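Shown next, in structure tokens, is the structure this report addresses.
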Protein chains: 2
Amino acid sequence: MSPDLIGYGAAMLTTAAFVPQALKSWSSRDLSGISLGMYSLFTLGVALWLIYGILLRSWPIILANLITLALASLVLSLKIRHLRKQ
Amino acid sequence: MSPDLIGYGAAMLTTAAFVPQALKSWSSRDLSGISLGMYSLFTLGVALWLIYGILLRSWPIILANLITLALASLVLSLKIRHLRKQ
């Protein structure tokens, strides 16, 4: 196995992982166990990864982080809406 | 800002993000809103990132993913325990 292949597999899994969480949070609106701190830090971190990818003109980094940014932002906004309703 | 500095900042944020989630899941045992699919795919993905870092002998990748693997595994094991209790 080449390192590149393992790297692409890793990137696909850690990006795809946010699909079931975003779907679950969207459909169930069960956000009480979701950490606001996690999604705040994570969304900011992924935005930095996106800037890093743009500076390096690396399409794999740009695409993976653009998708993750959209999904993590959705969970974060659902969590903020959930806190405001309390 | 150099790309490297932005990359290190991004890595620190996306790693540190799992600390508040692991603490919240550990102390509240409120796992119903946590997606099993997300943490299964994510933990596997982070394990691949770790192997990628070892193959590349990159200490930043190894350390960041070792910490994230521990935290994501904790949330995943709490989620599995929560499902078994139901």
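Naming: A, B, ... by sequence-line order, numbering from 1 per chain. These numbers come from a predicted model, not from an experiment.
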- Query: According to a 4.5 Å side-chain heavy-atom criterion applied to Ile, Leu, Val, Met, Phe, Trp and Tyr, with indirect links allowed, do B:I62 and B:F42 form part of one hydrophobic cluster?
  - Reply: yes
- Side chain from CB out, backbone as N, CA, C, O: work out which of these in A:A22 comes under 4.5 Å of a heavy atom of chain B, or both, or neither. neither
- Specify which of B:T43, B:L31, B:T14 makes the most heavy-atom pairs with chain A at under 4.5 Å. B:T14
- Side chain, backbone, both or neither: which part of A:L48 has a non-hydrogen atom closer than 4.5 Å to chain B? both
- So which heavy atom on B:W49 is nearest to which on A:G7, and how close? CH2-O, 3.8 Å
- Message: With a 3.5 Å distance limit and no angle check, can you tell me whether A:Q21 reaches the backbone of B:G33 through a side-chain donor-acceptor pair?
- Response: yes
- Message: I'd like to verify something: which residue of A:G9, A:S40, A:A11 has the highest number of heavy-atom pairs under 4.5 Å with chain B?
- Response: A:A11
- Query: In the single-linkage hydrophobic clustering (I, L, V, M, F, W, Y; side-chain heavy atoms under 4.5 Å), do B:L78 and B:V46 co-cluster?
  - Reply: yes
- Linking I/L/V/M/F/W/Y whenever their side-chain heavy atoms sit closer than 4.5 Å, directly or via other members, would B:I51 and B:L44 fall into one cluster? yes
- In Å, rounded to the nearest 0.5 Å, how long is the span from OG of B:S35 to CD1 of A:I34? 8.5 Å
- Measuring heavy-atom distances to chain B, does A:L56 have an atom under 4.5 Å in its side chain, in its backbone, in both, or in neither? side chain
- Ranked by heavy-atom pairs below 4.5 Å to chain B, first place among A:P3, A:G45, A:A10 goes to A:A10
- Message: Would a single hydrophobic cluster contain both A:Y52 and B:L63, if residues Ile, Leu, Val, Met, Phe, Trp and Tyr are joined by side-chain heavy-atom contacts under 4.5 Å?
- Response: no
- Should the heavy atoms of other residues, nucleotides or ligands under 6.0 Å from CZ of B:R29 be counted, would the total exceed 12? yes
- Going only through I, L, V, M, F, W and Y residues with side-chain contacts under 4.5 Å, is there a path from B:M12 to B:L69? no
- Compare every heavy atom of A:P20 with every heavy atom of B:G37, then report the nearest pair and how far apart it is. C-CG, 3.7 Å
- Structural part of B:I6 lying under 4.5 Å from a heavy atom of chain A: both
